Structure formats: C-alpha cells, structure tokens
Engineer: 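What follows is a single structure, and I will ask about it in a moment.
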Amino acid sequence: TAVFTFGCPTVQAAWPDDQPLKIIVPQAAGGTNDTLARMVGAELSKVLGQTVVIDNRPGASGAIGMQSVVQAAPDGYTMGLASDSAALLDVLRPNLSWKFRDALQGVVMIGEQPISIATSAKTTYKTFQNVIDAAKAKPESLAYGSSGIGSSQNIVGEWVASLAGVKFVHVPYKGGGQATNDVVSGQIPLAVLGLAPMLKYQQAGSVRILAVTTPERSKALPDVPTLSELGYPQIALAQWAGLVAPAGTPEPIIQKLSAALMKVLAEKTIREKMLAAGITPKPLNYKQFDVFLKKTVDTWKQVVPTLNIQIN
C-alpha cells in the first residue's frame, strides 16, 4: 500500500474533508495500472491537499478489486483504477452480483498504450510470423503470459490465435509485473502485455517486441509493426486506464474530483513521465469518460463470445 501525503493549511470545503482518499488497484503492484495509480495519486494529493492511499487488491480478473469499489460508500473518498480488463467483467463474469456499466461511474480517463506481443530474447523468434509458424508446426506448444484470465491481453492472445488458426497455451498472472519478469527470465516464451512495462526490457535486449495492437505504430517503438500491418486489421485497440467511482456518488463531488484530476493530467511533468513509460496521455472528463466506458462494454459484448476464453 502506498500513501501520499501533502500538508495544506487551507480550509477545506465539505469535500474533501480531512480524511484520506483511496484508489483501489485491482492488479498486483508493479504493472502499468499500479504505476499509473501511484503517479496520479501522488499529484492528486498535492492538488487536493489530502492524503491519497493506493490499495492493491488483485485476483479474479480484477473482479475482487472492482467489487471493493462497488461496495464502497459513494462519498468521493474511494475510486478504482479501471482498465479495459475491468470493462470485460460484464461479459466474462455474468454471475457477478453487479454490472460494471451500472455500478460504477467514470471520473477521468488517464491514458492509453498499445498491447504488445513479445518474446523472450532467449527464444529464436525474431518476427511475429516466426511465432505463428512455430505454433502451426506444434499446436499448443507455445505459452504466453498475460496479466490475468479474462484480461484484455488474454482476449488479444486468443483473438490472434483464432484469426491465425493456431492454439496457444495461456498462462495467467495476477498482474503484468509478474508476467513481465517471467518472459524476461525465459520462464515463458511469449507475453501479451501492455507496452509500458516491456519498453525498458526491449531497450535492454531482454525481450523482443514483435507487434503492437494499436491502429498506428508506437512513437516509442517506430520499428515495431502493428497487427493491422501484419494482416490482422480486426485487432486495432489500445489498453486504456482511468478512474471510476461507485454509482450514486454525488455529481458535485465527481465534478470536483474530475476537475482536480484533469489539472493533474495537464501538468507537463506528469505527461512527460507517462510518455517516457510508453503511455499516451488521453485525459477525458467524467462525462466524456462515462460515454467511452458504456461504448467499450458494448463492444466487448459483441467480440468476446466469438473467442475461446476459459474463465473457470
């Protein structure tokens, strides 16, 4: 748990009162979502003059952490770090007692990054096609790591397999940090993960990033092709992250939170840190982000049933 505190002598309005704000991250420490939450939390603490606590609650494809947000009091003191994986919960876990679309509301969109398909430098695969050829030659012989079952990375892995006519073995982790460590060490040959945590290992020569999922190449890796270029135009998406609050949080509080966070995301230092980490800043206020969330949930409901995603 990370705690950011900033002393501020000014008199507080009714909100935020003198109590800490909590950001629940539904993944383990070390992955992209955790990094973003800590980066933004530290600056939000300064803007509001309040302590901001980062609380990691991984497990069940992010359902455990997001449920903690759903069950929190709608008073503006608890937010969740939502990502594309959280927006998948409605379609992948229909038995949950709540629906992402109804139980949570957008506060701010933070940014996005490509999902990368990478291989350990200890393998012989130099191109994406090398991987597909190897998977065709020996079905179910190649394993890829992701940040969890039912994550958007898992979806991309199975979507690629479906379009290419191959079968991979999925190795789910409780966050991108652990999966990154195992592909770097060669424990697993492949990983489908957010670009941000992989960048430094690509630069160090520990992994080879073979493709990215965004419609355009990443500015951080201009030599790495997109899946669209490689013959998979259906897969053109980014891994996004933003903050959500429990439904029923009063709009004036959401408005204040969103405005404070938009101020944080406008800071040059934060934008530079995000870009250096492979994340493109994409601030959307609470109203814009809410529209985006509902559209995203609807999109996944159309795509996911066509893929081989095993939750249990």
Side-chain angles (χ1 to χ4, degrees), residues 15-16 20-27 31-34 36-37 40-41 44 52-112 147-152 155 175 237-262 264-265 282-304 311:
W15 182 96
L21 275 74
K22 182 187 285 184
I23 298 175
I24 294 174
V25 180
Q27 288 85 24
T32 307
N33 288 352
D34 177 66
L36 274 179
V40 170
L44 181 63
V52 177
V53 178
I54 309 299
D55 185 1
N56 297 86
R57 298 192 191 182
S61 314
I64 291 171
M66 294 319 295
Q67 185 156 312
S68 301
V69 184
V70 170
Q71 293 171 341
D75 56 10
Y77 293 100
T78 303
M79 291 183 286
L81 197 293
S83 63
D84 36 332
S85 295
L88 281 158
L89 291 171
D90 283 7
V91 64
L92 288 172
R93 294 181 178 268
N95 296 332
L96 286 172
S97 61
W98 51 274
K99 293 280 177 248
F100 182 92
R101 266 192 71 149
D102 305 325
L104 295 159
Q105 58 184 319
V107 178
V108 77
M109 170 93 138
I110 298 172
E112 63 182 23
S147 65
I149 295 173
S151 63
S152 58
I155 301 294
L237 53 91
Q239 183 172 305
W240 53 266
L243 291 167
V244 295
T249 304
E251 188 172 1
I253 291 178
I254 293 285
Q255 214 167 349
K256 283 184 185 176
L257 257 180
S258 189
L261 285 157
M262 290 293 280
V264 165
L265 294 170
K282 194 177 180 181
L284 297 178
N285 68 27
Y286 72 105
K287 286 185 175 174
Q288 296 165 320
F289 189 34
D290 224 38
V291 170
F292 171 87
L293 288 174
K294 287 174 171 49
K295 186 180 172 190
T296 302
V297 170
D298 288 343
T299 301
W300 283 136
K301 280 182 176 172
Q302 292 168 18
V303 171
V304 173
I311 288 292

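All values derive from a computational prediction rather than experimental measurement. Residue indices begin at 1 and follow the sequence shown.
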Engineer: D34: which residues meet the salt bridge (charged side-chain N to carboxylate O under 4.0 Å, His left out) condition with it, sequence neighbours left out?
Structural biologist: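 Testing D34 for salt bridge (charged side-chain N to carboxylate O under 4.0 Å, His left out), a comparison that skips the adjacent residues, returns R38.
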Engineer: So, the side chain of S61 versus the backbone of I149: is there a donor-acceptor pair under 3.5 Å, distance only?
Structural biologist: yes
Engineer: Mind checking what makes side-chain contact (heavy atoms from CB on, under 4.5 Å) contact with N285, not counting sequence neighbours?
Structural biologist: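 In terms of side-chain contact (heavy atoms from CB on, under 4.5 Å), with neighbours along the sequence ignored, N285 is linked to S258, M262, K287, Q288.
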Engineer: Mind checking the CG-CD1 spacing from N33 to I23? Nearest 0.5 Å is all I need.
Structural biologist: 11.5 Å
Engineer: Check G62 against P26 and note the closest heavy-atom contact, atom names and distance.
Structural biologist: O-CB, 3.5 Å
Engineer: Got M79 and L261 here, is their nearest side-chain heavy-atom distance under 4.5 Å?
Structural biologist: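 Side chain of M79 against side chain of L261, heavy atoms only: contact under 4.5 Å found.
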Engineer: Which pairs count as salt bridge (charged side-chain N to carboxylate O under 4.0 Å, His left out) when at least one residue sits in residues 103-112, sequence neighbours excluded?
Structural biologist: E112-K282
Engineer: Show me the side-chain donor-acceptor pairs of residues 292-299 shorter than 3.5 Å, one per line, residues at least two apart or across chains.
Structural biologist:
from, atom 1, to, atom 2, distance (Å)
K294, NZ, D290, OD2, 3.4
T296, OG1, F292, O, 2.8
D298, OD1, R101, NH1, 2.6
D298, OD2, R101, NH1, 2.9
T299, OG1, K295, O, 3.0

Engineer: In Å and rounded to the nearest 0.5 Å, what is the CG to CG distance from L36 to L81?
Structural biologist: 6.5 Å
Engineer: Tell me the closest heavy-atom pair linking S151 and G148, and the distance in Å.
Structural biologist: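 Where S151 meets G148 most closely, the heavy atoms are OG-O, 2.8 Å.
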Engineer: Yes or no on side-chain contact (heavy atoms from CB on, under 4.5 Å) for L88 and F100, after CA distance, side-chain angles and deciding distance?
Structural biologist: CA-CA 9 Å; L88 281 158; F100 182 92; over 6 Å; no
Engineer: What is the distance from atom CG of L21 to atom CG of L257, rounded to the nearest 0.5 Å?
Structural biologist: 6.0 Å
Engineer: Measure the spacing between CD of Q27 and OG of S85 and express it to the nearest 0.5 Å.
Structural biologist: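 Q27 CD to S85 OG: 6.5 Å, rounded to 0.5 Å.
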Engineer: Nearest heavy-atom pair of L89 and A60: which atoms, and what distance?
Structural biologist: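 That closest heavy-atom pairing would be CD2-O, 4.3 Å.
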Engineer: Excluding sequence neighbours, so at least two apart, what forms side chain to side chain donor-acceptor pair (under 3.5 Å) with W300?
Structural biologist: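 Listed in chain order: nothing, the list is empty.
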Engineer: What's the shortest heavy-atom distance between P58 and I64, and which atoms?
Structural biologist: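 Where P58 meets I64 most closely, the heavy atoms are O-CD1, 3.9 Å.
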Engineer: Any donor-acceptor pair under 3.5 Å linking the side chain of K99 with the backbone of P94?
Structural biologist: yes
Engineer: Taking only residues two or more places apart in sequence, or in another chain, which ones meet P252 in a side-chain contact (heavy atoms from CB on, under 4.5 Å)?
Structural biologist: P250
Engineer: Return all side-chain donor-acceptor pairs below 3.5 angstrom for residues 102-109, not counting sequence neighbours, or 'none' if the list is empty.
Structural biologist:
from, atom 1, to, atom 2, distance (Å)
Q105, NE2, P246, O, 3.1
Q105, NE2, T249, O, 3.4

Engineer: Do the side chains of L243 and F289 get nearer than 4.5 Å, heavy atoms only?
Structural biologist: no
Engineer: Might you point out which heavy atoms bring D84 and A238 nearest each other, and give the distance in Å?
Structural biologist: OD2-O, 4.2 Å
Engineer: Test of understanding: with side chain to side chain donor-acceptor pair (under 3.5 Å), list the residues that count as partners of T32, not counting sequence neighbours.
Structural biologist: Q113
Engineer: So which pairs with a foot in residues 57-67 pass salt bridge (charged side-chain N to carboxylate O under 4.0 Å, His left out), sequence neighbours left out?
Structural biologist: D55-R57
Engineer: Could you note down all residue pairs passing side-chain hydrogen bond (donor to acceptor under 3.5 Å, both in side chains) where residues 71-82 supplies at least one of them, sequence neighbours left out?
Structural biologist: none
